[in-house]
2 protein chains.
Amino acid sequence: MSTATNLSRAAGDAAVSDTEVRIRTAAIVLFAERGYAATGIRDIAGAAGITTAAIYHHFANKEELLVDIIRVGQQALNERTARSLEGVERPEQRLALLISGLVATHGINRMSALVGDTELRALTPDAPAYRELVQLRDDYEALWSRTLRDGASEGVFEFAAERSTRLGLLTMCTGISRWYRPGGELDLASLCAHFTDLGLAAVRARRGRRPVRAAAVTLVDPATVPRIPGEPEEEAA
Amino acid sequence: MSTATNLSRAAGDAAVSDTEVRIRTAAIVLFAERGYAATGIRDIAGAAGITTAAIYHHFANKEELLVDIIRVGQQALNERTARSLEGVERPEQRLALLISGLVATHGINRMSALVGDTELRALTPDAPAYRELVQLRDDYEALWSRTLRDGASEGVFEFAAERSTRLGLLTMCTGISRWYRPGGELDLASLCAHFTDLGLAAVRARRGRRPVRAAAVTLVDPATVPRIPGEPEEEAA
DNA sequence: GTCTATACCTTGATAGAC
DNA sequence: GTCTATCAAGGTATAGAC
């Protein structure tokens, strides 16, 4: 559990108090393990070492706690990804950054990413927060769409249908938050490379006659991906 | 909603009453949309057009209802898959049957498959039912393991790590239950072919110098996959 | 086999003292 | 900023009539 101070929010400079980080950690861990609906406000308070009433000093209610966790993670991913793609035009290089960046994020921020990928359905669909989060996710996926379409029209990629290819690759990457643990078969940087290679192969990426492999492109280094406030550091198994 | 009688359980011959099918349908739809924990027994009763007390005549409790839905679907998948692989030795043909069979099942039994893929965590981990379901899932995944390892050792497949390759491909296939709907970009048979092609490409399947494509192998026809009792028929969008 | 009625527990959230 | 104490609502499950 982190005891660092002066952590900053992804979208601003507001400091996050130590108690607030402990609440976030408790919520992230429990939402990831049992799901939002199966987690009680008392479970969160107990894991954070405070009472339920204290939670309401930091967050308006349980739903806002969930929204905050998802938003911080999604905004961080969107900003890092947009920055990594700046000035990069070749579709195979863009796809490699998209895949390795997504895998890196789901390895570093494993639990909060899992919550973001599975608990949108817990939010009231007409709440403004829901719209905002769906918009952020759509903005992110648009980067994938554009890359896949460009690659296909340039003859660098070859696949039958953009939407199902995109969703298949996205699901494959986000799915690692359900089974990856530090200290397993592969370290995270190797996993980024491996999945990039699988993805490039899946769309049959090539330059001229030569298939493009992960070793020939630049990847996102997971060591450069920061943990969001509250995301626990997992021990190697 | 199906009104057929004489439906049979996957693992036996016991008839399923009309009311029981309506309960199953209500539970499958609500568990898939909101999750098990967020679904109340009153919600299920209301959707099935009965009272909560009547549910307890057909199922011992809410957990048993979930277990039953997951078990029937997993057993059906395991049996169909084992049958389709009988006598098939070539790894690329086995992988094609595994992928197309899994995609077909997740298209036909979309909602119950989604429940099976996401709600195991709702069960008490030391309950016998939990152990049984995990065992069934492990039996299924062992078919994938064996196929991938055989293909790699025969030089037909090429990938960096068996476990992450297997989990990546599995997640890609099971993920379609989160976004596929009848009447979309591709019909289900085309989706089976497309994902088989993505999977064969991802492991760089080849015979001699030639890449193996989905068009060169036999696939599972989704029209041969039966709906489990209670799985709703979805309208084309 | 389904109903009405209800028991009993846990839930998210709040009031007000310190 | 955190606590104790508490509330109203909703949760699962059951008893017993028909």
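Chain A is the first sequence line, chain B the second, and so forth, proteins listed ahead of strands; every chain is numbered from 1. Because only heavy atoms are used, hydrogens play no part in the values below, and waters and symmetry mates are left out as well, while side chains stay in.
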K.L.:
Answer with yes or no whether B:Arg42 presents, from its side chain, a donor or acceptor under 3.5 Å of a partner atom in the base of D:dG10.
P.N.:
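Absent.
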K.L.:
Can you tell me which residue pairs pass the side-chain hydrogen bond (donor to acceptor under 3.5 Å, both in side chains) test with a partner in residues 126-135 of chain A, sequence neighbours excluded?
P.N.:
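Non-adjacent pairs meeting side-chain hydrogen bond (donor to acceptor under 3.5 Å, both in side chains): A:Arg71-A:Glu132, A:Gln135-A:Asp139.
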K.L.:
Roughly how many Å is it from CD1 in B:Ile44 to P in D:dG10, rounded to a whole number?
P.N.:
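To the nearest whole Å, that distance equals 18 Å.
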K.L.:
For A:Arg137, enumerate each residue passing the side chain to side chain donor-acceptor pair (under 3.5 Å) test, keeping only those at least two apart in sequence or located in another chain.
P.N.:
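Partners of A:Arg137 under the side chain to side chain donor-acceptor pair (under 3.5 Å) test: none.
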K.L.:
Side chains of A:Thr118 and B:Thr118: closer than 4.5 Å at any heavy-atom pair?
P.N.:
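In short, these two side chains do not touch, never coming nearer than 4.5 Å.
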K.L.:
Would you classify B:Thr19 as touching base, sugar-phosphate or nothing, given that sugar-phosphate means primed atoms plus P, OP1 and OP2, and contacts are heavy atoms under 4.0 Å?
P.N.:
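Sugar-phosphate, backbone atoms only, no base.
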K.L.:
Which residues satisfy the salt bridge (charged side-chain N to carboxylate O under 4.0 Å, His left out) test with A:Arg163, sequence neighbours excluded?
P.N.:
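Testing A:Arg163 for salt bridge (charged side-chain N to carboxylate O under 4.0 Å, His left out), a comparison that skips the adjacent residues, returns none.
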K.L.:
Can you give me every donor-acceptor pair (side chain of residues 102-112 of chain B, partner residue at least two apart or in another chain, under 3.5 Å) with its distance?
P.N.:
{"residue": "B:Thr105", "atom": "OG1", "partner": "B:Arg80", "partner atom": "NH2", "Å": "2.6"}
{"residue": "B:Thr105", "atom": "OG1", "partner": "B:Gly101", "partner atom": "O", "Å": "3.0"}
{"residue": "B:His106", "atom": "ND1", "partner": "B:Leu102", "partner atom": "O", "Å": "3.1"}
{"residue": "B:His106", "atom": "NE2", "partner": "B:Asp117", "partner atom": "OD2", "Å": "2.6"}
{"residue": "B:Asn109", "atom": "OD1", "partner": "B:Ile228", "partner atom": "N", "Å": "2.8"}
{"residue": "B:Asn109", "atom": "ND2", "partner": "B:Pro226", "partner atom": "O", "Å": "3.2"}
{"residue": "B:Arg110", "atom": "NE", "partner": "B:Glu234", "partner atom": "OE1", "Å": "3.4"}
{"residue": "B:Arg110", "atom": "NE", "partner": "B:Glu234", "partner atom": "OE2", "Å": "2.8"}
{"residue": "B:Arg110", "atom": "NH1", "partner": "B:Ser177", "partner atom": "O", "Å": "2.8"}
{"residue": "B:Arg110", "atom": "NH2", "partner": "B:Glu234", "partner atom": "OE1", "Å": "3.1"}
{"residue": "B:Ser112", "atom": "OG", "partner": "B:Asn109", "partner atom": "O", "Å": "3.4"}
{"residue": "B:Ser112", "atom": "OG", "partner": "B:Glu231", "partner atom": "OE1", "Å": "2.6"}

K.L.:
What is the minimum heavy-atom distance between A:Gly199 and A:Ile99, and which atoms define it?
P.N.:
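Minimum heavy-atom contact is CA-CD1, 3.8 Å.
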K.L.:
Please give me every residue in residues 53-65 of chain B whose heavy atoms get under 4.0 Å of an atom in DNA chain D, ordered by residue number.
P.N.:
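Within this stretch, B:Ala53, B:Tyr56, B:Asn61, B:Lys62 sit under 4.0 Å of the strand.
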K.L.:
Any side-chain heavy-atom pair from A:Pro232 and A:Ile28 closer than 4.5 angstrom?
P.N.:
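A side-chain contact under 4.5 Å exists here.
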K.L.:
Using the salt bridge (charged side-chain N to carboxylate O under 4.0 Å, His left out) criterion, which residues pair with A:Glu141? Sequence neighbours excluded.
P.N.:
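Counting only residues at least two positions away or on another chain, A:Glu141 forms a salt bridge (charged side-chain N to carboxylate O under 4.0 Å, His left out) with A:Arg166.
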K.L.:
Show me the donor-acceptor pairs within less than 3.5 Å that the side chains of residues 29-39 of chain B make with the rest of the protein, sequence neighbours left out.
P.N.:
{"residue": "B:Arg34", "atom": "NH1", "partner": "B:Asp43", "partner atom": "OD2", "Å": "3.3"}
{"residue": "B:Tyr36", "atom": "OH", "partner": "B:Glu63", "partner atom": "N", "Å": "3.2"}
{"residue": "B:Thr39", "atom": "OG1", "partner": "B:Leu30", "partner atom": "O", "Å": "3.4"}
{"residue": "B:Thr39", "atom": "OG1", "partner": "B:Gly35", "partner atom": "O", "Å": "2.7"}

K.L.:
Roughly how bent is the helix from C:dG1-D:dC18 to C:dC18-D:dG1 end to end, in steps of 10 degrees, with each end axis from five pairs?
P.N.:
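Taking five pairs per end, the axes differ by 10°.
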K.L.:
Set out, in order, the CA-CA distance, both residues' side-chain angles and the distance that settles side chain to side chain donor-acceptor pair (under 3.5 Å) for A:Asp187 and A:Ser190, then state yes or no.
P.N.:
CA-CA 5 Å; A:Asp187 66 16; A:Ser190 304; 2.6 Å; yes
K.L.:
Can you sort out which residues in residues 29-41 of chain B have a heavy atom within less than 4.0 Å of DNA chain D? Ascending by number, please.
P.N.:
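B:Thr39, B:Gly40, B:Ile41, in order of number.
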K.L.:
Under the side chain to side chain donor-acceptor pair (under 3.5 Å) rule, collect the residues that match up with A:His58, sequence neighbours excluded.
P.N.:
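By the side chain to side chain donor-acceptor pair (under 3.5 Å) rule, A:His58 matches no residue at all.
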K.L.:
Looking at residues at least two apart in the chain, or sitting in another chain, which of them share a side chain to side chain donor-acceptor pair (under 3.5 Å) with B:Thr165?
P.N.:
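Applying side chain to side chain donor-acceptor pair (under 3.5 Å) to B:Thr165 gives A:His194.
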K.L.:
Along DNA chain C, 5' to 3', what are the outermost nucleotides having an atom less than 4.0 Å from a heavy atom of chain B?
P.N.:
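Both ends considered, the range comes out as C:dG1 to C:dT4.
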K.L.:
Please evaluate residues B:His57 and B:Thr19 with respect to the criterion side chain to side chain contact (heavy atoms under 4.5 Å, CB included), reporting the C-alpha separation (whole Å), side-chain torsions for both, the decisive distance (0.1 Å), and the verdict.
P.N.:
CA-CA 10 Å; B:His57 177 77; B:Thr19 306; over 6 Å; no
